[in-house]
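Step one of this worksheet: look at the structure below.
Order of the sequence lines sets the chain letters (A, B, ...), proteins ahead of strands, with each chain counted from 1. Hydrogens, waters and symmetry mates are skipped; everything else that's a heavy atom, side chains included, is used.
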Amino acid sequence: MDYLKTLNPAQRTAVTVGTGQALVLAGPGSGKTRVLTHRIAYLIQGLGVHAHTILAVTFTNKAARQMEARLEALLPGGAPGVWLGTFHANCAKILRRESQYLPFDNHYVIMDADDQLAILRRVIKDLNLDEKTFRAANIHAAISNAKNNLVTAGDFPTRSYREEVTKRIYERYQDTLRTSNAVDFDDLLLETVRLLVENPPVRERYARRFEHVLVDEFQDTNLVQYELLKLLASYHANIFVVGDEDQSIYRWRGADYRNVRRFEEDYPACQKILLEQNYRSTQTVLDAARAVIEHNPYRTPKHLFSDRGKGERIVLYETADDHAEAAFVVDTIQQWLRNGKAGGGDFAVMYRTNAQSRLLEEACLRAGMPYRLVGALRFYGRREIKDLIAFLRLVHNPQDEVSLARVINVPPRGVGEKTLVALNMAARQANLSPGWLLIDLGRKGSDSPYWGRFNGRSGLVLSDIGALLAAWRSANEDGLPLPALFDRILADVGYQEYIDDGSQDGPDRWENVEELRRLAYEYADRGLNDFLENLALVSDQDTLPEGAASAPTLLTLHAAKGLEFAQVFIIGMDEGLLPHSRSRDDHEETAEERRLFYVGLTRAKDRVYLVRANTRSTYGAPEVQEPSRFLEDLPEELVQRHGQRRNGYEEDHRKLSPPPAKTWGINGSIPWRPANPAQTSTPIIHQRFFPADRVRHPVWGEGIVLESRTQDGDETVDVFFETVKFKRLVASLANLEILPKK
DNA sequence: AAGGCCCTTCTTTTT
DNA sequence: GAAGGGCCTT
């Protein structure tokens, strides 16, 4: 067992800990995933445990895949048979197998967030409720929250009018799911728990099967997940969990880091192992991160240490506005790339909200710099993708009312509100789902008993659609391969002509369809069911191509968990963004925002840049921003400040360089010279340009110097030109002429 | 029934 | 500054 030799003592203790319960509290970069994979390898190879009796649960598909890859490296042939996947994927698998005990059959479809909102909007309308008072999104949150806490529609409290109404919506929503032969994300977990609680023989079967249960990111489990684990481990009670309270960032999804403490109470004999050696970051990064996280109450103190040395100070850079913020990030990265001291894949840019990626993308495009964007794009959220998935879902499960409503008139074929209502009415009276009624209409035409329920024109149109659906279903049952089915649907409805309609983004949309088609090819031998299940459970966060990246990565702080990069930019270090305004008044939520910042900081191996903007456009209009309160937590000696003024040292600064007579620059604010010269600068050359200097460029004309610094034997000047706005120039090449002060 | 235009509203974070 | 909904016209 050579692989044990590569572990440090604490890691080895964790990997080889005896049976029973183990709680591994692992700081960032301490080899958490390593411990988990080695543990599995040790169980199989060292203790002779059968792979198929091991259940390993992760939160993201990305993490699951990563573990799979590492297992393959560790064990010859990998560890096939291990139930390795996300909570949701493992539950889907169990539900599919045990559908005989469930209120839906094994052709059930999984409703995503958009589908859920669509159902709720309709329910709210059907109940004649005011859509402003009862917003679908809020109701959705309430229902999801209930489900995460094991509260079913029947159990939903009615202490207030609002709760009463919510309960009614919840019930109707649940009815729609069932008549659609569907579950939502939360049902996957809740129904599995219910299955195991209500059917002792089934519980017994799974509990006996899973000799070992291992859990990653345990701090992010919610109550349903915790119960599920307890049920699954109820026979052998071998449960090995790994987590870090300080990295709990999914409270809003019901995650409760106190499950860590609950675990210790529920399993008093559990062995607790701390992993404190960090193999990722410099001591400066760790010290800064600790200074931040120590402001949070109720946590297990940890002493992370690193032997990587002190490293570079954290750069705090302030810009005039959000455009300059993005420009700074892109320019800085490009500088590193140009001098060959870093590769594109060394960089990550992190932000609190997806909306912040837009300006970054634009800046990258303008600079001609390739980048990888995680999430945000919402490939699966695109109209054309959702359309095609809806067709496929209908073939798989004609009861899916959400999908039917989505595509019954795609491409437009004359089915409007009236026809749809007629269809639904007829279906309800026939005690049949609209989808099945449609198929009957398609198969029998005017001989169908339902034909008479529609006027001539809509009857014709509906039976046409029904005929298509019926034909697709038979083709699928006769074993038509998935890609061929996909093509057939495209051809039958004339989808290409519909989506690539000569408009500007037509070709892009069609390209997306082809991308989905390519994906269908990969599932050719696994079939429609697996394809749909994966589409539902694989998120946009997982679309990031793996392997050595050569371009900077743009991602949210949430998506960054579990990853590491040589250099990390965290942008939007402003009050209202981080911490987010929605969490301002709640201590627990502010604490979570702090953990989010902590997660971001600890992703960095070598360098951190914290960037903020003095004004920023949130909706449309620019608004003045205050620096994030978290910046105050950083010890001054770990930080280098650059860019615009920052309260505190503003006064000193005025003495050093008198403000120019005329207000210039962006939004009327005046950039000043940094208080401390850059640590990295090599003062061999004499600095020629200073903030607020007026300069002339042969091409771009007159501009004003925002900032200048000497670095790597040259002087880099940031200039704001009237013509082309912000530019970063190398002084020796740019041929800049200094103009006399006005 | 469909498409176009204007209005509002909105933004956390994701399986 | 986008996307969805409501209201208008064809």
Next item on the list: Tell me whether the OP1 or OP2 atom of B/dA2 has a side-chain N or O from A/R413 closer than 4.0 Å.
Entry: no
Checklist line | A/R358 side chain, from C-beta outward: closest of B/dT14, C/dG1, B/dT11 | finding: C/dG1
Margin query: How many whole angstroms separate atom CG of A/N354 from atom P of B/dT11?
Written below: 13 Å
Check: Rounded to the Å, how far apart are A/L577 CG and B/dT11 C1'?
Finding: 10 Å
Next item on the list: Report the relative orientation of the aromatic rings in A/F569 and A/Y609; use parallel for angles under 30°, tilted for 30 to 60°, perpendicular for over 60°.
Entry: parallel
Next item on the list: Rounded off to whole Å, could you give me the NE2-to-C1' distance for the A/H580 and B/dT14 pair?
Entry: 15 Å
Margin query: With rounding to the closest Å, how many angstrom separate the P atoms on B/dT13 and C/dG4?
Written below: 16 Å
Next item on the list: Measure from the side chain of A/T556, starting at C-beta and using heavy atoms only, and say which of B/dT13, B/dA2, B/dT11 lies closest.
Entry: B/dT13
Checklist line | is_close_aromatic(A/Y170, A/Y173), centroid dist under 6.0 Å | finding: no
Notebook entry, point to check: So, for A/F185 and A/A113, which heavy atoms are closest and what is the spacing to 0.1 Å?
Noted result: CE1-N, 4.2 Å
Check: B/dA2 P sits how many Å from A/L420 CG, rounded?
Finding: 11 Å
Next item on the list: In whole angstrom, give the distance that lies between atom NE2 of A/H558 and atom P of B/dT15.
Entry: 11 Å
Notebook entry, point to check: If you find the nucleotide of DNA chain B closest to A/T419 and the one closest to A/A113, which residue's nucleotide is nearer the 5' end?
Noted result: A/T419
Item checked: Below 4.0 Å: OP1/OP2 of B/dT14 and any side-chain N or O of A/N61 -> no
Check: Counting side-chain heavy atoms from CB outward, which of B/dT15, B/dT13, B/dA1 is closest to A/T353?
Finding: B/dT13
Notebook entry, point to check: From B/dG3, B/dT15, C/dG6, pick the nucleotide closest to the side chain of A/K125?
Noted result: C/dG6
Next item on the list: Kindly state whether the pair A/W252 / B/dT13 counts as stacked, where counting means centroids closer than 5.5 Å and planes tilted less than 30° apart.
Entry: yes
Margin query: When you compare the ring of A/Y619 with the six-membered ring of B/dC10's base, are the centres less than 5.5 Å apart and the planes under 30° from each other?
Written below: yes
Notebook entry, point to check: If you look at every strand shown and take non-hydrogen atoms under 4.0 Å, does A/Y250 touch a base, only sugar-phosphate, or nothing?
Noted result: sugar-phosphate
Notebook entry, point to check: Of the options A/K147, A/R178, A/R96, which is the one that meets A/E191 in a salt bridge (Lys or Arg N to Asp or Glu O under 4.0 Å)?
Noted result: A/R178
Next item on the list: Would you indicate which nucleotide in B/dA1, B/dT13, B/dC10 comes nearest to any side-chain atom of A/R135?
Entry: B/dC10
Next item on the list: Using heavy atoms to find the nearest nucleotide of DNA chain B for A/N409 and A/F185 separately, return the residue whose nucleotide is more 5′.
Entry: A/N409
Next item on the list: Write down the distance between CG (A/L557) and C1' (B/dT11), rounded to a whole number of angstrom.
Entry: 15 Å
Check: What is the distance from CD of A/E589 to C1' of B/dT11, rounded to the nearest Å?
Finding: 15 Å
Next item on the list: Just call it for A/R121: base, sugar-phosphate, or nothing, with non-hydrogen atoms closer than 4.0 Å on any strand.
Entry: sugar-phosphate
Next item on the list: Kindly assign one of parallel, tilted or perpendicular to the pair A/F104 and A/Y108, based on the angle between their ring planes and the thresholds 30° and 60°.
Entry: perpendicular
Check: To the nearest Å, how far apart are A/E217 CD and B/dT13 P?
Finding: 19 Å
Next item on the list: For A/D187 and A/Q174, test the side chains for any donor-to-acceptor distance below 3.5 angstrom and give the result as yes or no.
Entry: yes
